[in-house]
*Asks:* 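Below you will find the structure I want to go over with you.
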Amino acid sequence: QVQLVESGGGSVQSGGSLRLSCAASRYTYSRYCMGWFRQAPGKEREGVAAIDSDGSTSYADSVKGRFTISQDNAKSTLYLQMNSLKPEDTAMYYCAADICRFFWREWTVVNPVLEVWGQGTLVTVSS
């Protein structure tokens, strides 16, 4: 069964850090490209960071230099290290996956349509 489970959200003050985790079923992890998306209240869902099967990464301009996406192949887990958090980073963060050619087609699309989504984890940054 294809499944993604996020964890690691919480509340922090501006300038703080959080690390999100996304545990994937081995079927998903080995066959799909994966990434992090977020949706702030009243806003559309957008891509934050993604990683390709060759390990190359992509980031939204708003998080470049502050967020780092990584993976642990042994644990089939995707991570998002978030540093220097700002109030505008407040959102529900989702892990998502799809076959790579579909994933990268949707990566820059607002409200992307991808095959597998986690339940989301809330990140709140206070000023």
Side-chain angles (χ1 to χ4, degrees):
Q1 183 177 356
V2 178
Q3 189 175 16
L4 300 173
V5 179
E6 301 103 331
S7 61
S11 297
V12 296
Q13 291 190 327
S14 182
S17 298
L18 283 173
R19 188 177 82 155
L20 306 183
S21 299
C22 173
S25 62
R26 186 155 295 276
Y27 179 88
T28 303
Y29 193 85
S30 64
R31 289 169 172 76
Y32 289 7
C33 285
M34 298 176 65
W36 292 95
F37 297 78
R38 68 185 180 187
Q39 187 165 17
K43 295 189 177 181
E44 295 174 304
R45 192 170 296 187
E46 61 179 4
V48 176
I51 190 163
D52 207 337
S53 55
D54 63 359
S56 58
T57 57
S58 294
Y59 295 93
D61 288 342
S62 59
V63 306
K64 283 181 181 177
R66 301 188 298 122
F67 291 12
T68 303
I69 188 171
S70 62
Q71 58 191 16
D72 184 331
N73 294 331
K75 296 181 179 179
S76 299
T77 300
L78 187 71
Y79 300 101
L80 184 67
Q81 178 66 43
M82 305 186 294
N83 298 329
S84 302
L85 282 161
K86 304 175 181 180
E88 51 263 44
D89 294 318
T90 294
M92 186 70 80
Y93 283 72
Y94 299 90
C95 178
D98 205 331
I99 296 172
C100 290
R101 67 179 184 272
F102 298 145
F103 181 92
W104 292 109
R105 181 189 68 188
E106 297 291 309
W107 161 240
T108 58
V109 173
V110 172
N111 294 327
V113 177
L114 296 170
E115 181 175 345
V116 187
W117 290 89
Q119 81 286 356
T121 186
L122 182 62
V123 172
T124 304
V125 184
S126 58
S127 57

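Values in this document were obtained by computation on a predicted structure and should not be read as measured data.
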*Asks:* Going from CD on Q71 to CG on L80, what distance comes out if it is rounded to the nearest 0.5 angstrom?
*Replies:* 13.0 Å

*Asks:* Could you tell me whether the side chain of I69 reaches within less than 4.5 Å of the side chain of Y79, counting heavy atoms only?
*Replies:* no

*Asks:* Would you call K64 and D61 a salt bridge, using N to O less than 4.0 angstrom?
*Replies:* yes

*Asks:* With sequence neighbours excluded, what pairs up with D52 under the side chain to side chain contact (heavy atoms under 4.5 Å, CB included) test?
*Replies:* C33, D54, S56, C100, W104

*Asks:* Indicate, with yes or no, if V116 and I99 share a hydrophobic cluster defined by side-chain heavy-atom contacts under 4.5 Å among Ile, Leu, Val, Met, Phe, Trp and Tyr.
*Replies:* yes

*Asks:* Let me check something: any side-chain donor-acceptor pairs from residues 119-127 under 3.5 Å, sequence neighbours excluded? List them with distances.
*Replies:*
from: Q119; atom 1: NE2; to: E6; atom 2: O; distance (Å): 3.1
from: T121; atom 1: OG1; to: G9; atom 2: N; distance (Å): 3.0
from: S126; atom 1: OG; to: V12; atom 2: O; distance (Å): 3.4

*Asks:* Can you tell me how far NZ of K86 sits from CZ of R66, rounded to the nearest 0.5 angstrom?
*Replies:* 4.5 Å

*Asks:* Would you compute the distance between atom CG of L78 and atom OG of S70 and round it to the nearest 0.5 angstrom?
*Replies:* 7.0 Å

*Asks:* Is there side-chain contact between L20 and M82, with heavy atoms separated by less than 4.5 Å?
*Replies:* yes

*Asks:* Test side chain to side chain contact (heavy atoms under 4.5 Å, CB included) on E106 and V113 and set out the steps.
*Replies:* CA-CA 7 Å; E106 297 291 309; V113 177; 3.9 Å; yes

*Asks:* Which heavy atom in T77 sits nearest to a heavy atom in A23, and how many Å separate them?
*Replies:*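 Scanning both residues, the minimum pair turns out to be OG1-CA, 4.1 Å.
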
*Asks:* Please determine if R38 forms a cation-pi arrangement with Y94, meaning its NZ or CZ atom is less than 6.0 Å from the six-membered ring centre and no more than 45° off the ring axis.
*Replies:*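 No, R38 does not lie over the aromatic ring of Y94.
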
*Asks:* At what distance, to the nearest 0.5 angstrom, does CE of M92 lie from NZ of K43?
*Replies:* 16.0 Å

*Asks:* Only one of W36, F37, F102 passes ring-ring contact (aromatic ring centres under 6.0 Å, His included) with W107; say which it is.
*Replies:*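 That would be F37.
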
*Asks:* To the nearest 0.5 Å, what is the distance between OH on Y59 and CZ on F67?
*Replies:* 10.5 Å

*Asks:* Is the shortest side-chain N to carboxylate O distance from R105 to D98 below 4.0 Å?
*Replies:*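 Result for this pair is no, no salt bridge flagged.
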
*Asks:* Counting only heavy atoms not in Q13, do more than 12 fall under 6.0 Å of its CD?
*Replies:* no

*Asks:* For F103 and A96, which heavy atoms make the closest approach, and how far apart are they?
*Replies:*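 Shortest heavy-atom separation between F103 and A96 comes out as CE1-O, 3.9 Å.
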
*Asks:* Quick one: does M34's side chain get under 4.5 Å of C22's, heavy atoms only?
*Replies:* yes

*Asks:* Would N83 and S17 count as having a side-chain donor-acceptor pair, cut-off 3.5 Å?
*Replies:* yes

*Asks:* Kindly work out whether a path of hydrophobic side-chain contacts (I/L/V/M/F/W/Y, heavy atoms less than 4.5 Å apart) joins I51 to V63.
*Replies:*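 Linked, I51 and V63 end up in one cluster.
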
